**Q** 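Have a look at this one.
The structure presented is a predicted model; accordingly, all values stated were derived computationally and were not measured. We name chains A, B, ... by the order of the sequence lines, and we start the count at 1 in each one. Just so you know, these numbers use all the heavy atoms, side chains as well, and skip hydrogens, waters and symmetry mates.
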Amino acid sequence: MFFENIDFSSLELPPAALKLRDEVRAFLRQEIAAGSFVPHLGHAEFDSAFTKKVAARGWIGLTWPKQYGGQERSYLERFVMTEEMLAVAAPCAAHWFGDRQTGPSLLRYGSDYLKDKYLPAITRGEMAFALGMSEPGSGSDLASVRTRAEPVDGGWRVTGQKVWTSWAHKADAFFVLCRTAPLTEDRHAGLSQLIVEIKNSSGVTVRPIRFMNGNHHFNEVFLDNVFVPDDHVVGEVGQGWKQITSELALERSGPERFMTTFPLLVELVRRLAKSDDARAQEMVGRLTARLWTLRRMSLAIALALDPSSGKQGSVDLATEAALVKDMGTFYEREIIDAARVLVTVEPTMDAADTFERYLAECIVSAPVSTIRGGTTQVLRTLIARRLLGSLK
Amino acid sequence: MFFENIDFSSLELPPAALKLRDEVRAFLRQEIAAGSFVPHLGHAEFDSAFTKKVAARGWIGLTWPKQYGGQERSYLERFVMTEEMLAVAAPCAAHWFGDRQTGPSLLRYGSDYLKDKYLPAITRGEMAFALGMSEPGSGSDLASVRTRAEPVDGGWRVTGQKVWTSWAHKADAFFVLCRTAPLTEDRHAGLSQLIVEIKNSSGVTVRPIRFMNGNHHFNEVFLDNVFVPDDHVVGEVGQGWKQITSELALERSGPERFMTTFPLLVELVRRLAKSDDARAQEMVGRLTARLWTLRRMSLAIALALDPSSGKQGSVDLATEAALVKDMGTFYEREIIDAARVLVTVEPTMDAADTFERYLAECIVSAPVSTIRGGTTQVLRTLIARRLLGSLK
Amino acid sequence: MNSATEIRTMLCDAATRLFADHVDQKMLAAAKHDGWSAALWKELEQAELPLVGVPEDAGGAGGSLSDAAAVLRISARHAAPVPLAETALAGWLLASVGLKVPRGPLTIGPVLDEKLTAVKDGTVWRVSGKLTRVPFARIAKQLVLLADSAQGLMVVNIDTTEKHAECRITPGRNLGYEPRDEVVLDNVAALAAAPAAAGITRASLQARGALLRAVQIGGALEQALHLSCEYAKQRVQFGRKIAQFQAIQQELARCGGEVAAAVAAALSAAGMVERLTNDHRADAVQQTLMAAAAAKIRAADAAREAVAIAHQVHGAIGVTDEYALHHVTLRALAWREEFGNEAYWSMTLGRAMLAAGADAYWTALSAA
Amino acid sequence: MNSATEIRTMLCDAATRLFADHVDQKMLAAAKHDGWSAALWKELEQAELPLVGVPEDAGGAGGSLSDAAAVLRISARHAAPVPLAETALAGWLLASVGLKVPRGPLTIGPVLDEKLTAVKDGTVWRVSGKLTRVPFARIAKQLVLLADSAQGLMVVNIDTTEKHAECRITPGRNLGYEPRDEVVLDNVAALAAAPAAAGITRASLQARGALLRAVQIGGALEQALHLSCEYAKQRVQFGRKIAQFQAIQQELARCGGEVAAAVAAALSAAGMVERLTNDHRADAVQQTLMAAAAAKIRAADAAREAVAIAHQVHGAIGVTDEYALHHVTLRALAWREEFGNEAYWSMTLGRAMLAAGADAYWTALSAA
């Protein structure tokens, strides 16, 4: 019914991935010991210096072709890299979108020009990308975007407004989903993806949307008649919908879907270590079992997506990815609930104690997790479609 | 938003109810000590001897007018009676439907003839009623019933099939919801309620529908050209829909909606009493708090429904009743989950230990609770309508 | 309708009008930095709302604990940035020992498992100790405290308007931006002191605090539900109002149930605690514990579910600092933890019920 | 595709055909009284399915634990009334000490925290003790047991076909109508006995039993989900197929997630346990514990949710003894409790993870 043709019993990380894990772990241990970053939960931090160090080790674009600065390593290695970074809440925002979304999109749909221009810059940690998908009122319904690109000589003039654009105030460029043709019956037609260089284009204004705790990571981005040359269209004009939906599906199942509150679990274990509270034992056991399971499912998808698995393209795991994301979101909350209930504290954002601070950060940012990457409702509708087939 | 005009702060049981509680408790203690019944959870047992004893004390039709054998006591006294019976899983099926549904319906809609004929018989514990609502394929959609009543000289000829009729094989009569006029655009028009005397009518066949554990309480009832005299129509011909929906609403919020697994909780407390398991303390505290709250809500509805409250008719608590039912159903399951997790046993239906037997009975009958009295989906749609108003 | 009900209704109408007229987004934004709104407090005092529930002979406005709860529920709907609950608790403590309840914002302590000592020094009592997470300490005119002394537990009050060096307040806050301060007292002279009355203990302060936080959670969640329904009715996605999606309806219905339960538990508990307030028999103590615990447990559980649903329905807009939702949701989440969270109260209540035993279980539950 | 995968695929196809051809409602109804289906067992033996996973040199059909799990999953989808899991466990115990695995249904013990003793009496070993809840004891041809002796833990097998007076079996059953019998042994002569091999302990029997029950739960839930989807697609209410209601879709999606997780956990764990089966280092032991515990915990949690949803979607029809659903749901619910329920395994796993400490937590979780 789900995971057809996936052999869970033989799911193992190859030696190369285990070796990489040791390297990444050693690197992170060293960075933490040196105090190069203070982990914060809830929203990945933007830290160009950290990104440069990661890039220097060849760890951005890990699966990409060598000609673009990649390492041609497996998806399982990328999986390991991702989970190691998440396990310590490393500040990856400056390369996250480039590594996870921009890069793969360009490799799949981008022209040689775009690949040459951007991929090496991303792998060197020199260019940070952001995503311009949501608009005021669009929410889960991305097909309703109203940002317009009008054809002009040599390119397009783009006008509109994007919202919830994480780190647009620090990013160098962003992918803009927009209408390149008027709205017709087929709402999904006439959408395209363009690359707008935020810092180098005139007509781009970035304004903060403050999070409810005052933090600034979201932005509104206003595009006022911004010129985008033809060669900055990603893939074919009018094929934007197809491009983003395939990206969305693939990006739903990674460890980032169930590990953003993981460091809180580790601190919880630290707090509870000496407790003989039966509740603590049961809860830690349960949380471990659920995480273990989510991780196996996520790993299975990563493995099947890997070109070397021989399964890429032969299995469609978009629904399974949605399952992992849906369950992962709830799992992240279970950690928060367990922590609250097992350790009686009044958590605060400025607590000196790491556990208490993590707990506060997780509580305050929890509402975001059901928004990011598709709401519960949308994910479940997708899953139900697989189960029930067409109902007409 | 909910419970407008209800003053929870002054919710108290009057002295008469407290006195009645003592009497009922003493009676039940005595019956249990004498071994007159063995409590079973999951489906109330049919025990005519027990019903006669209850009737002898004047405890059936407690709120009804004295002229029909009632006691003209308050709804809060009825509330207390109900919860005391549920607290020990007393075998009330032989008077339950007569007391809770047939009687109130007749008092509201029945002719003097029907009231005289049936109400005193019910209060004496001499006649047991069943409910003929569901039909094959009707489920939550009661308006879809297809049992037909054709007008004939002096009455109606009824043909059709009812299902899930609890205890029809022991009951004397049942309310039959049927079509007295052909189906039109308005699906709710043309429905009527008739009383069919199961044992005295020709053309009635009762066949068991065995529950998955082999027990027999559900039945199919086939009606083949059964003659029902005109004076056995309840209320007006064609008004059946209005009658049953008002009944449904009122019958949703009683203690039977959240107390059917309560005796398991008591046995759980007995098992855990000497445990210093922190899980046990937390779970019992939580279950107590939730039950305490449900009971206050249920009590508030009972009080508002009481004629003496001066609120009857002035407040519509149908949505609140649905809320209590919806939350009550989940609460009943929480007890089962807690019992399973806190006491490691393999429960069996024939266990000598009461806790283990109750647990098995509750697990096996749990699926029925979301079916009885409106499914979760239907209840929530009703609640949402109150919250969101008309969306047109 | 009886006259107490009529008075309650008038009180609620007045409170609703006052909060609606004076609390707005600008005030709430400013209170994030200032810790409260002095202007709003002035309005409340003019309407005598902070003294509702405090006996008239103690300088209060009279009325019951349930009247105070009714006002508090409304204030929480508006996320009113004022120490109403704290002033009510302080007034209760002061009145219980026959001390006058002054005007102005008050607060209480300790709220955690901390101890103060009071020592008699001639005619004055001097108080020492360290308290953390004291609500609105830096704003309160008086701290009303429970302190241990050679004569047993004392109710003492301390003036914080004249800044003695011996009373150091370090500001902190909860997740809802309300002041939760550290207070270090080093032999501070009390304005007054009196041996705690029967039934006044650290535990009863905590229980009453938990009860009032439950009331506040109820009010905050009502507002979260209201905002969610309004949003769902106007927000369009995939060509339809999101209120028309059955999935959204089912979630809102679940949210409605949680909110109704929180409110029912908190208000019921307020009534019961009040009725039993001077009854110190074991049964009454158990009923009081059950009521306060049930209210806090149920409200805290409801906060988890209802806040999650409210934010889910709202999507991204709900988490921005410009939109109203977070004022009530963050407060509700913070209030869960204060005066004991649901785990604390569940364990306390569970221990008591287990100790009483299976045969007493139903008797206790059905006693009122 | 590698050849192991191809063999697994063929095996699954054969098993699916066999169960589909032979298991029907009539067989399941009869098995409620008979405890099993001897006819089905005969078919399975002909296809050599009960010996999958048992090494060929022990008389088995070869193949891995994962192959056995694959067959078991399919048998559970059909609620096949045969002791396949028990025979696999017995075969594993016998093979581990080099004893031949006979044809015929087998079972194992103890499954609870009970102890047997084995005493050498000349050349024979005699076994005594009382066991409860032994699966299919009254049907099994041999009981394969772990018993304590002066030489340590022994694997012993007992012939139950010739009814010795010293071996009394009292029938019982679980919620799914499967035999769970009491066995009282009073100096019963064992057919054979051998000191338990390294890694064979009561704990490892329980872990492997839990793992196989998790696999069975996974299969049973797959069928419950399948029946629910089929039912939702044909059942009409309020003028529409209930599958068209978004509320039903959302519940079925949630059910799907639970089922997928149960299956993923169980099959992953089977592979991992097999890979580590002869590795007795502390790390490997921890990984094995984690795998078996995770499988049982996740499957049991899934059973609770998925069974509730399946029955809710079905409504009244689902709880009748004529409809197929209850054969899988009652079994899934009963299997949750066997070889340790989710609370037992959570506490066991939790204790181990807490003892290892925070700094080892991620290392352990990410080891494989």
**Q** When only pairs under 4.5 Å are counted, which of B/T293, B/D276, B/I383 shares the most heavy-atom pairs with chain C?
**A** B/T293
**Q** Check this for me, if you would: do B/R286 and C/D301 make a salt bridge, where the nitrogen-to-carboxylate-oxygen distance has to be below 4.0 angstrom?
**A** yes
**Q** Does any backbone or side-chain atom of B/R271 lie under 4.5 Å from a heavy atom of chain C? Answer side chain, backbone, both or neither.
**A** neither
**Q** Do B/M1 and C/C229 have side-chain heavy atoms sitting under 4.5 Å apart?
**A** no
**Q** To the nearest 0.5 Å, what is the distance between CG (B/D7) and CZ (C/R8)?
**A** 4.5 Å
**Q** Using every non-hydrogen atom in the two residues, find where C/A368 and B/R296 come nearest and quote the distance to one decimal.
**A** O-NH1, 2.9 Å
**Q** Would you mind checking which part of B/Q377 comes under 4.5 Å of any heavy atom in chain C, side chain (CB onward), backbone (N, CA, C, O), both or neither?
**A** both
**Q** Verify whether one side chain among B/E83 and C/W362 offers a donor that lies under 3.5 Å from an acceptor in the other.
**A** no
**Q** Answer yes or no: is there a side-chain heavy-atom contact under 4.5 Å between B/T381 and C/Q250?
**A** yes
**Q** Out of the candidates B/L272, B/L287, B/V284, only one should pair with C/M353 under the side-chain contact (heavy atoms from CB on, under 4.5 Å) rule; please name it.
**A** B/V284
**Q** Say you draw a straight line from OG of B/S10 to CE of C/M272; how long is it, rounded to the nearest 0.5 Å?
**A** 11.0 Å
**Q** With only heavy atoms counted, which part of C/A270 is less than 4.5 Å from chain B, the side chain, the backbone, both or neither?
**A** neither
**Q** Looking at CD of B/E12 and OG of C/S268, how far apart are the two atoms once the value is rounded to the nearest 0.5 Å?
**A** 11.5 Å
**Q** Where is the tightest heavy-atom contact between C/A294 and B/A289, given as atom of each residue plus distance?
**A** CA-CB, 3.6 Å
**Q** Is it the case that atom CG in C/D283 sees more than 12 heavy atoms from other parts of the structure closer than 6.0 Å?
**A** no
**Q** Of the non-hydrogen atoms in C/D359 and B/R270, which two are nearest, and what is the gap between them?
**A** OD1-NH1, 3.2 Å
**Q** Is it the side chain or the backbone of B/L265 that comes within 4.5 Å of chain C heavy atoms, both, or neither?
**A** side chain
**Q** Would you say B/W292 and C/I297 make side-chain contact, with heavy atoms under 4.5 Å?
**A** no
**Q** Relative to chain B, which of C/E274, C/R275, C/E230 shows the most heavy atom pairs under 4.5 Å?
**A** C/R275
**Q** Where does B/A278 contact chain C at under 4.5 Å (heavy atoms): side chain, backbone, both or neither?
**A** both
**Q** With a 4.5 angstrom heavy-atom cut-off, is it the side chain or the backbone of B/L294 that approaches chain C, or both, or neither?
**A** neither
**Q** Do you know the tightest heavy-atom contact between C/A260 and B/F2?
**A** CB-CD1, 3.9 Å
**Q** With side chain to side chain donor-acceptor pair (under 3.5 Å) as the rule and sequence neighbours excluded, what pairs involving residues 342-352 of chain C come up?
**A** A/R340-C/E342, B/Q281-C/R351, C/Q206-C/Y344
**Q** Quick one: pull up CZ in C/R254 and CG in B/D326 and give me the separation to the nearest 0.5 Å.
**A** 9.5 Å
**Q** For residues C/A253 and B/A384, report the shortest heavy-atom separation together with the two atoms involved.
**A** CB-N, 4.1 Å
**Q** If you define the side chain from C-beta out and look only at heavy atoms, does anything of C/S366 sit under 4.5 Å from B/R21?
**A** yes
**Q** Give, as side chain, backbone, both or neither, the part of B/T288 having an atom under 4.5 angstrom from any heavy atom of chain C.
**A** both
**Q** So, do B/R380 and C/E251 sit near enough that their side-chain heavy atoms are less than 4.5 Å apart?
**A** no
**Q** Which of the residues C/A355, C/A293, C/S64, C/A291 is involved in the greatest number of heavy-atom pairs with chain B at under 4.5 angstrom?
**A** C/A291
**Q** Would you name the heavy atoms of B/L323 and C/G257 that are closest together and state the gap between them?
**A** CD2-CA, 3.2 Å
**Q** Measuring heavy-atom distances to chain C, does B/R25 have an atom under 4.5 Å in its side chain, in its backbone, in both, or in neither?
**A** side chain
**Q** Among C/Q246, C/K296, C/E258, single out the residue with the greatest number of heavy-atom pairs under 4.5 Å to chain B.
**A** C/Q246
**Q** I need the C/H226 NE2 to B/L387 CG distance, nearest 0.5 Å.
**A** 11.5 Å
**Q** Among C/G350, C/A295, C/C255, which has the most heavy-atom pairs under 4.5 Å with chain B?
**A** C/G350
**Q** Please state whether the side chain, the backbone, both or neither of C/A367 comes within less than 4.5 Å of a heavy atom of chain B.
**A** backbone
**Q** B/E320, B/M297, B/M283, B/E267: which one forms the most heavy-atom pairs within less than 4.5 Å of chain C?
**A** B/M297
**Q** Starting at CG of C/L365, measure out to CG of B/L291 and round the result to the nearest 0.5 Å.
**A** 4.5 Å
**Q** Need one label for C/A269: side chain, backbone, both or neither, based on atoms under 4.5 Å from any heavy atom in chain B.
**A** both
